[in-house]
Undergrad: 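Sharing a structure, written as structure tokens. Questions coming.
Chain letters run A, B, ... following the sequence lines, proteins first, then strands; residues in each count from 1.
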There are 2 protein chains.
Amino acid sequence: MPLDERKKRILEAIIEEYNKTAEPVGSSKIASDYNLGFSSATIRNDMAALEEMGYLDKPHTSAGRVPSSKGYRFYVDTIMKEYQLTPREKALIDDNLKEDVLRFDELIKEASSILSRITNYASLVAGPQNDACSVEEIKLVKLGQDRLMIVLLADNGIIKESVVRYNGEISEENIQIFNSLLNYKFKGMNFKEVYDNINSNIQDELYNINNTVVPLVMELNHMLTEGDSEIYLDGTRNMLELPELKKETTLKNFLNIIETQDAIKELVKNGYNGNINVYIGQETAFEDLKDFTIITYKQVINDKEIGTIGVIGPKRMDYKKVIPVIKYIGDKVQEKIKQGGEEDGGKPGEQ
Amino acid sequence: MPLDERKKRILEAIIEEYNKTAEPVGSSKIASDYNLGFSSATIRNDMAALEEMGYLDKPHTSAGRVPSSKGYRFYVDTIMKEYQLTPREKALIDDNLKEDVLRFDELIKEASSILSRITNYASLVAGPQNDACSVEEIKLVKLGQDRLMIVLLADNGIIKESVVRYNGEISEENIQIFNSLLNYKFKGMNFKEVYDNINSNIQDELYNINNTVVPLVMELNHMLTEGDSEIYLDGTRNMLELPELKKETTLKNFLNIIETQDAIKELVKNGYNGNINVYIGQETAFEDLKDFTIITYKQVINDKEIGTIGVIGPKRMDYKKVIPVIKYIGDKVQEKIKQGGEEDGGKPGEQ
DNA sequence: GTTTAGCACTTGATTCGAAAGAGTGCTAAA
DNA sequence: TTTAGCACTCTTTCGAATCAAGTGCTAAAC
């Protein structure tokens with residue numbers, strides 16, 4: 001049975017009121033403050049019906065109603081009208097993002113930090129899955145007497161670097177050979193392929209040139225696989241102010257979420273490219289997430305996934321505003337990255 | 001008036017009991033559980049005296065006593081006998097630190113992580129003050145078409161790297177010239193000196209060679225100054241389990257400490273080189289710290305400061321154990337770094 | 001002189017029931 | 001179909017009474 005117009009309006013009002021106060025909402029509150037033109041009794045009847053249909057929950061008989069996950073879902077998909085950011089708000093974001101950040105990972109972290117400051121929720125950042133990165137270039141740089149820095153440049157602009165120490169001697173010449181060989185073999189391959197191939201494909205060959213190569217290959221393997229599992233969180237402190245986290249169990253759940261990160265990783269992985277993904281409460285199977293909502297936006301440039309930004313907040317989230325904000329910031333990030341790319345010579349005749 | 005032996009024993013017992021329970025301690029508890037051979041009445045009298053002298057506080061008339069900062073201070077300086085780590089505990093630390101970490105900053109972070117896991121408090125890491133780092137080598141590495149990675153190697157083993165994008169063209173040859181010039185001018189200077197000199201000393205010279213140099217110099221400046229202000233915290237989640245943080249205001253104070261980091265920075269800066277520094281509650285002027293203790297250990301190798309590790313916990317801290325643990329871990333870190341240095345060729349004839 | 005038993009006293013914590021408050025669900029009337 | 005009205009349910013609040021912990025002091029014992 002579809003919801004009639006009045007029920008929609010009532011559901012909307014309840015959600016807005018609950019989002020403001022975090023307290024169960026009663027029929028008379030709606031009748032008096034949201035002049036819908038119906039008495040509290042009528043609203044009461046509809047609220048009972050909405051509960052029956054699963055859009056509302058009731059903590060106990062004499063309390064008001066609380067939106068359920070299904071209620072929020074309906075609101076987000078059907079009722080809600082996205083808030084239009086004011087020029088002032090846009091400027092605020094633009095100003096904070098204006099510094100020319102050259103590493104995409106840093107840019108994305110910066111964006112995430114703004115996101116948490118503007119929304120007052122926690123924000124998250126995830127790097128791209130490793131099978132979405134291809135090797136553009138590998139550089140080996142000798143540092144001091146016995147260390148080697150490995151720099152890995154991916155086609156999506158991600159840069160990773162790490163340092164290994166070797167025992168014995170490697171000549172500059174050997175390093176050059178290693179370097180050329182690595183680039184020759186792996187350029188254009190995605191990280192996962194390189195990882196799967198590196199041992200069989202190249203280790204022996206390198207080893208014959210100089211047997212100090214083992215730690216180098218190990219470290220390269222490590223670099224190819226790490227980031228996959230790393231989630232960076234910001235603004236988690238904001239969350240501690242929320243009234244819902246005053247409850248011991250909810251607090252524990254939240255700390256679990258940010259400590260284990262399992263749920264976040266899973267959702268990030270499943271998010272659609274270039275789309276806003278909204279996961280409300282128990283829509284996901286993660287028990288700890290039942291009182292929270294996660295919204296993610298996976299950044300994509302030229303079909304290359306470059307990472308995900310997102311927000312973690314209470315189910316009672318200001319969807320109307322958060323969704324446009326995350327969109328705006330995400331789009332801005334992509335814009336900046338593309339700009340960077342264009343200066344690269346992508347627009348010939350401009351330099 | 002100095003404390004007689006009995007008062008010392010009573011103070012010690014109170015501290016140990018309070019450390020266990022976080023509840024005010026009564027005279028009869030001490031009499032029954034810590035057989036000192038005196039009745040509760042006697043202990044009661046001494047407790048009143050200890051309070052009078054400022055070693056104990058009393059939350060209210062009908063509660064027991066709680067150690068004051070002065071009480072803890074006396075305990076740490078005079079009464080306490082440091083706990084001897086068991087071989088098992090040492091092995092635990094050794095195992096966790098055994099992986100060969102090649103970047104000192106990473107090594108120190110690793111150590112800090114172990115510290116928080118073993119003590120169950122929060123741990124902190126700070127890089128060295130920048131005037132304690134000297135330039136050993138600067139490397140410029142061309143990445144892709146329009147980016148340059150700057151790698152800064154300090155004599156204390158710290159490595160910093162960053163990436164800049166430039167507009168226009170720089171030939172490999174120009175990069176080599178920049179590189180030699182930077183090393184020629186700045187090798188051996190400490191970061192602060194370089195920072196103070198770089199603009200007057202070299203910018204024009206470089207600029208004449210290639211005018212794309214501006215962002216490079218800006219970024220280098222940034223690298224020379226950052227880290228100074230960065231504190232890395234670990235295990236803050238442990239703290240949330242503490243009963244003292246159940247109190248709203250104490251929780252707020254703690255969150256303030258870890259968010260602003262002002263107090264931590266100040267204490268880290270003032271810590272004595274190569275020494276354990278203990279800051280108990282209101283011994284420092286920082287209001288937020290009044291219920292907490294910070295212990296720091298500044299790592300030094302060959303007079304070169306390489307960073308600080310430390311612990312943040314409640315005033316009611318297991319001093320007897322935490323101090324030896326932080327010492328052991330700190331010393332282990334230095335040992336590892338020195339080993340690394342030796343493999344470097346420091347011990348000729350070994351390779 | 002020092003230590004201890006004993007007890008009155010203080011004060012926060014706990015318990016309990018009554019009253020208050022909020023909001024529903026149902027009935028009957030508009 | 002909507003609404004007024006009211007009984008009913010359940011939680012929250014409040015204050016009084018009781019409880020429990022621990023002190024401080026006095027007077028006796030060592």
Side-chain angles (χ1 to χ4, degrees), chain A residues 1 3-11 13-15 17-18 20-68 71 243-244 246-247, chain B residues 1 3-11 13-15 17-18 20-68 71 243-244 246-249:
Chain A
M1 168 184 28
L3 293 189
D4 60 49
E5 196 54 35
R6 193 176 66 203
K7 289 201 180 59
K8 283 187 195 171
R9 303 280 299 281
I10 290 172
L11 178 57
I14 290 172
I15 286 180
E17 182 63 23
Y18 183 68
K20 260 196 295 199
T21 63
E23 298 291 338
V25 182
S27 54
S28 53
K29 183 77 186 168
I30 299 298
S32 71
D33 290 17
Y34 290 79
N35 56 338
L36 304 180
F38 300 96
S39 74
S40 69
T42 308
I43 292 171
R44 207 144 53 236
N45 285 334
D46 276 358
M47 281 166 77
L50 283 165
E51 185 190 347
E52 174 71 25
M53 289 184 274
Y55 293 102
L56 296 176
D57 287 334
K58 182 162 60 173
H60 58 262
T61 329
S62 74
R65 300 303 206 298
V66 163
S68 67
E244 22 272 271
K246 291 283 175 287
K247 265 189 64 188
Chain B
M1 167 180 34
L3 293 188
D4 61 46
E5 196 54 36
R6 192 176 66 203
K7 290 202 181 58
K8 284 187 194 170
R9 303 281 299 283
I10 290 171
L11 179 56
I14 290 172
I15 287 179
E17 182 64 22
Y18 183 67
K20 258 195 297 198
T21 62
E23 298 291 338
V25 182
S27 55
S28 54
K29 183 76 185 170
I30 300 297
S32 71
D33 290 16
Y34 290 78
N35 55 338
L36 304 179
F38 300 96
S39 74
S40 69
T42 308
I43 292 170
R44 206 144 54 234
N45 286 333
D46 276 358
M47 280 167 76
L50 284 165
E51 184 190 348
E52 175 71 22
M53 289 183 275
Y55 295 100
L56 295 176
D57 287 334
K58 183 162 59 174
H60 59 264
T61 329
S62 74
R65 300 303 206 297
V66 164
S68 68
E244 22 274 89
K246 292 284 174 290
K247 264 190 65 189
E248 181 100 13
T249 59

Undergrad: Which nucleotide in the list C:dT24, C:dG25, C:dT4 gets nearest to the side chain of A:M47?
TA: C:dT24
Undergrad: So, taking the atom named OH in A:Y18 and the one named CD1 in A:I14, what distance separates them when rounded to the nearest 0.5 Å?
TA: 12.0 Å
Undergrad: Listing time: all N or O pairs from protein to nucleotides 28-30 of chain D that are below 3.5 Å?
TA:
none

Undergrad: Using whole Å, what does the distance between atom P of nucleotide D:dG22 and atom CD1 of B:I30 come to?
TA: 11 Å
Undergrad: Expressed in angstrom and rounded to an integer, what is the separation of A:K29 atom NZ from C:dG23 atom P?
TA: 9 Å
Undergrad: B:R65 side chain N/O closer than 4.0 Å to the phosphate oxygens (OP1, OP2) of D:dG22?
TA: no
Undergrad: What string of B, S and - do you get for nucleotides 12-20 of chain C, 5' to 3', when a contact is any protein heavy atom under 4.0 Å?
TA: S--------
Undergrad: Show me the pairs that pass salt bridge (Lys or Arg N to Asp or Glu O under 4.0 Å) and involve residues 22-32 of chain A, at least two apart or across chains.
TA: A:K29-A:D33
Undergrad: What pair of heavy atoms forms the shortest contact from A:S27 to A:R44, and how long is it?
TA: OG-NH1, 3.3 Å
Undergrad: Does a nitrogen or oxygen in the side chain of B:K58 sit under 4.0 Å from OP1 or OP2 of D:dG24?
TA: yes
Undergrad: For B:L56 and B:L11, run side-chain contact (heavy atoms from CB on, under 4.5 Å): C-alpha distance rounded to whole Å, both residues' side-chain angles, the deciding distance at 0.1 Å, then the answer.
TA: CA-CA 8 Å; B:L56 295 176; B:L11 179 56; 3.9 Å; yes
Undergrad: Given A:R65 and A:L50, is the side-chain contact (heavy atoms from CB on, under 4.5 Å) satisfied, shown in steps?
TA: CA-CA 10 Å; A:R65 300 303 206 298; A:L50 283 165; over 6 Å; no
Undergrad: What do you reckon, is NZ of B:K246 surrounded by more than 12 foreign heavy atoms closer than 6.0 Å?
TA: yes
Undergrad: Taking atom CG of B:L36 and atom OG1 of B:T42, what is their separation to the nearest 0.5 Å?
TA: 10.5 Å
Undergrad: Would you mind reading off the distance between B:L36 atom CG and C:dT3 atom C1', rounded to a whole angstrom?
TA: 14 Å
Undergrad: Mind checking salt bridge (Lys or Arg N to Asp or Glu O under 4.0 Å) for A:K20 and listing every partner two or more places apart, or none if nothing turns up?
TA: A:E17
Undergrad: Give me the atom names and distance for the closest heavy-atom approach of A:G26 to A:M47.
TA: C-CE, 4.2 Å
Undergrad: Only stems of 3 or more consecutive Watson-Crick or G-U pairs count here, both distances under 3.5 Å; name the ones for DNA chain C, or none.
TA: C:1-30 with D:1-30
Undergrad: To the nearest Å, give me how far apart CD (B:E52) and P (D:dT23) are.
TA: 16 Å
Undergrad: Which pair of non-hydrogen atoms, one from B:P59 and one from B:G64, has the smallest distance, and what is that distance?
TA: CD-O, 3.4 Å
Undergrad: Specify the separation, in whole Å, of atom CG of B:N45 and atom C1' of D:dC25.
TA: 9 Å
Undergrad: Taking the side chain from A:S68 and the backbone from A:G54, do they hold a donor-acceptor pair closer than 3.5 Å?
TA: yes
Undergrad: By the 4.0 Å heavy-atom rule, please label A:T61 as base, sugar-phosphate, or nothing.
TA: sugar-phosphate
Undergrad: Could you check how far CG of B:D46 sits from P of D:dT23, rounded to whole Å?
TA: 13 Å
Undergrad: B:I10 versus B:R6: any side-chain heavy-atom pair under 4.5 Å?
TA: yes
Undergrad: Taking all non-hydrogen atoms of both residues into account, name the closest pair between B:I15 and B:G71 and its distance.
TA: CD1-O, 3.8 Å
Undergrad: Rounded off to whole Å, could you give me the CD-to-P distance for the B:E51 and D:dC25 pair?
TA: 11 Å
Undergrad: Step by step, work out the side-chain contact (heavy atoms from CB on, under 4.5 Å) result for B:D46 and B:F38.
TA: CA-CA 11 Å; B:D46 276 358; B:F38 300 96; over 6 Å; no
Undergrad: Can you tell me if B:R6 touches the phosphate of C:dT3, counting only side-chain N or O atoms and a distance under 4.0 Å to OP1 or OP2?
TA: yes
Undergrad: Detail all sub-3.5 Å separations between protein N/O atoms and N/O atoms belonging to nucleotides 4-6 of chain D.
TA:
{"residue": "D:dG5", "atom": "O6", "partner": "A:R44", "partner atom": "NH2", "Å": "3.0"}

Undergrad: Expressed in angstrom and rounded to an integer, what is the separation of A:L50 atom CG from C:dG25 atom P?
TA: 12 Å
